[in-house]
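Heavy atoms only: backbone and side chains are in, while hydrogens, waters and symmetry mates are out. Below, read A as the first sequence line, B as the second, and so on, with proteins coming before strands; counting in each chain starts at 1.
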Amino acid sequence: MALIEMEQIRKSYKMGGDYLEVLRGISLSIDQGDYVAIMGPSGSGKSTLMHILGCLDVPTSGHYFLAGKDISRFQESKLATIRRQQIGFVFQSFNLLTALNALENVALPLLYQGTPPRIQRERAKEALTLVGLGDRLHHRPSQLSGGQQQRVAIARAIVSNPPLLLADEPTGNLDSHAGQEVLSIFTRLHDSGQTVVVITHDAQIAHHANRIIQILDGTIVSSQEVTHV
Amino acid sequence: MFSQTLKVSMSAIWAQKLRSLLTMLGVIIGVAAVIALISLARGATQSISSKIEGLGSNLITVSTTTQGSPLSSSSTATTPLLPPGQLTAQEALSLGRVPGIARVAPIVAGSATFAVGDTTSSVGLVGTNAAYQHIMNYQLAEGRFLSPLDISSDANVAVLGSQEATNLFGAANPVNNVMTINGIPFKVVGVLAPKGSLFGQSSDDFVAIPWTVAQSVLGQTNISNIYLSAKGNANVTALTNRLNLKLLTWLGSANNFSVTTQSQILSTLSSITTTMQDVLGGIAGISLIVGGIGIMNIMLVSVTERTREIGIRKAIGASHGAILLQFLVESLTLAGLGGLIGIVLGTVISDVLGGVLGATTTFSASTALLAFGFSLTVGLVFGLWPASRAASLHPVDALRVE
Ligand SMILES: Nc1ncnc2c1ncn2[C@@H]1O[C@H](COP(=O)(O)OP(=O)(O)OP(=O)(O)O)[C@@H](O)[C@H]1O
Ligand SMILES: [Mg+2]
């Protein structure tokens, strides 16, 4: 069964008197355990699509089934619950809380799930170890390199084992070496059964995925399997 | 979850120490003011009421409100017939037969000039009798007080208040020395022990002589005041009624006299101090509200500054309630901390001020608790709007902010 099913998703913003239609009828389906890259030029609507996929925003029209449930008309409070339970985000600009150390940043989603503090720490430590930062638990974001910060962000995204991992240009602020590290973590997560959706405009990065969806001006122009050699 | 939220709030407050302190300042000053003022006021009330009680046990004062008439104009009659509205000495002394009255001291008061050699002073002259010492709770420092014989024999003897004794005789013992009152020589027979002052008025700078002598020295036949003491077991209300009735028949109108008991003075005093505390509390309340507005202002700034943080928290699953709680706890912590600092500061201020002014201060735990509760309420009320603004931010909009 498909984890994600989108039917004719439209999103428009009111600009002055006019409506600017950013997404113009997106329909797609992503299976559990899939690794999908969404590509497209700047301004084509990739981030807008990801915000809807990640329940940070709702579509103007259309249907979005996540794990079989139509959530396209959900209120913000219900969306917060879905984000808490089913989605992990990785952003281009890391978005770590600067006042907290790596361990505290990673434990944060568990805090909002009401996990007991001791278990929060244990699982945060496990997640950090998984991304190779078991020895940087008490570093502040400002004491970490960009690549390390992004790996902390990935640990935070997966610490509560969400079914869906979303990443919006996760390597956009990294050099190629750090970018490769991040991508290899994604590959590893996918290999262990994690559903991963990565947004990028870099074809090389997209080729790590199983499938590449191309969007242009708010519509899907192609969707092709990647053949790994 | 709550204890972790508290930790988050505390670290946010700690991260901006100076700003947090400035934010709390309004609440600190408000609470410190209320604590200091109220403990000073309560201390003052207690020392005043203990002094009033020290004035004399079961003291009842009768005052006439009409002016005394000169002796010459009414001395033609054999019985001293006074114009209506004035008390004679016989009438005053007859009050001693009213059931429940223990002692009566008629007062013939005026000001006179006292002299010893070249030293002169001009203070109050009190013409009275032997009962005065007991009714007013005076102790003797030297010699004796006026005796019944002094009164009946119109003796030119004087008893000095402690301060007046120092004024006229310096360090020397005045007893058995001679002084003049309005030029007439008097023998000093006693000096009273000091009693201190009340409402800024000293109880120690006067000279007491027999009332019979005072009438001729001051040239007046009427009695201006009467001090009475009630028996220990007397019903003061019934007693006051009986006195009122008698005085009404003598003096014609209730406008011509007043009867005051010590308990009336105390209850007037307590109503004054209650009003004073209410006014002080009100002023302090206003300053706390101003302090609350200060907290709200900073919390609004803080919400704006931390928009991105709020966006991140929401993206990883923080609910509306969790964000609301985070910012509410922060403003509550600021207000509560401000309240605690204010209580400590107010106690220190009232101690220091009490020491400087020589006043007693009384720390009141209930006032402190009330002030703390009020500052928490202020924190809650004024934290609600910023917190709900934070909680209502749209995650995508919040994340877009740099
Ligand atoms: N809140 C908004 N109000 C108005 N217009 C918006 C809003 N959010 C996005 N847009 C517009 O939608 C379009 C798509 O934006 P989006 O961020 O999805 O692009 P993108 O594909 O992620 O681009 P990039 O590769 O540069 O990140 C842009 O033209 C943008 O101006
Ligand atoms: Mg984008």
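- The number of heavy atoms from other shown groups lying within 6.0 Å of NZ (Lys17(B)) is above 12.
- More than 12 non-hydrogen atoms from other residues, nucleotides or ligands lie less than 6.0 angstrom from NZ of Lys11(A).
- Rounding to the nearest 0.5 Å gives a distance of 11.0 Å between CE of Met299(B) and CG of Leu384(B).
- In this structure, the side chain of Lys314(B) does not engage the main chain of Val396(B) through any donor-acceptor pair within 3.5 Å.
- Neither the backbone nor the side chain of Ser11(B) comes within less than 4.5 Å of any heavy atom of chain A.
- Here the OG1-CD1 distance, from Thr367(B) to Ile38(B), works out to 5.0 Å after rounding to the nearest 0.5 Å.
- Highest contact tally toward chain A, considering only His394(B), Glu309(B), His320(B), is held by His394(B) [criterion: heavy-atom pairs under 4.5 Å].
- Contact between Arg156(A) and Asn105(A) at its shortest, heavy atoms only, is CD-O, 3.4 Å.
- Residues of residues 74-103 of chain A lying under 4.5 angstrom from chain B, judged on non-hydrogen atoms, are Glu76(A), Ala80(A), Arg83(A), Arg84(A), Phe89(A), Phe91(A), Ser93(A), Asn95(A), Leu96(A), Leu97(A) in numerical order.
- For Pro162(A), no part lies near chain B; criterion is any non-hydrogen pair under 4.5 Å.
- In this structure, Ser160(A) and Leu110(A) approach most closely via the heavy-atom pair CB-CD2, 3.9 Å.
- Put simply, OG on Ser27(A) and CE on Met6(A) are 9.5 Å apart, with the number rounded to the nearest 0.5 Å.
- Using a distance-only test at 3.5 Å, with no hydrogens or angles considered, no donor-acceptor pair links the side chain of Arg389(B) to the main chain of Leu300(B).
- Of the atoms belonging to Arg306(B), not a single heavy atom falls under 4.5 Å from chain A.
- Identified by a heavy-atom distance below 4.5 Å to chain A, contributing residues of residues 286-296 of chain B are lacking entirely.
- Taking 4.5 Å as the heavy-atom cut-off, none of the residues of residues 139-147 of chain A approach chain B.
- Summarising the geometry of Gly62(A) relative to Ser72(A), their closest heavy-atom pair is O-OG, 3.4 Å, with the distance given to 0.1 Å.
- In this structure, no portion of Ala15(B) lies under 4.5 Å from any heavy atom of chain A.
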Checklist entry - Can Arg188(A) and Gln194(A) be said to form a side chain to side chain contact (heavy atoms under 4.5 Å, CB included), step by step? => result CA-CA 9 Å; Arg188(A) 232 169 49 223; Gln194(A) 175 75 52; over 6 Å; no
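- In plain terms, the two heavy atoms of Val301(B) and Arg19(B) that are nearest each other are CG1-NH1, 4.2 Å.
- Judged by distance alone, with hydrogens and angles left aside, the side-chain atoms of Glu21(A) form no donor-acceptor pair with the main-chain N or O of Arg10(A) at under 3.5 Å.
- Heavy-atom neighbours of Tyr19(A) OH from other residues, nucleotides or ligands within 6.0 Å: at or below the threshold of 12.
- Shown here is Arg118(A), whose CZ atom has no more than 12 heavy atoms of other residues, nucleotides or ligands within 6.0 Å.
- Residue Ser331(B) holds its OG atom at 12.5 Å from CD1 of Ile298(B), rounded to the nearest 0.5 Å.
- Chain B is approached within less than 4.5 Å, heavy atom to heavy atom, by His51(A), Leu56(A) from residues 46-56 of chain A, ordered by number.
- Here the closest heavy-atom approach between residue Ile26(A) and residue Gly218(A) is recorded as CD1-O, 3.5 Å.
- Residues Ile323(B) and Ala318(B) approach most closely at CD1-CB, 3.9 Å, considering heavy atoms.
- You'll find the side chain of Ser20(B) reaches within 4.5 Å of the side chain of Leu334(B), heavy atoms only.
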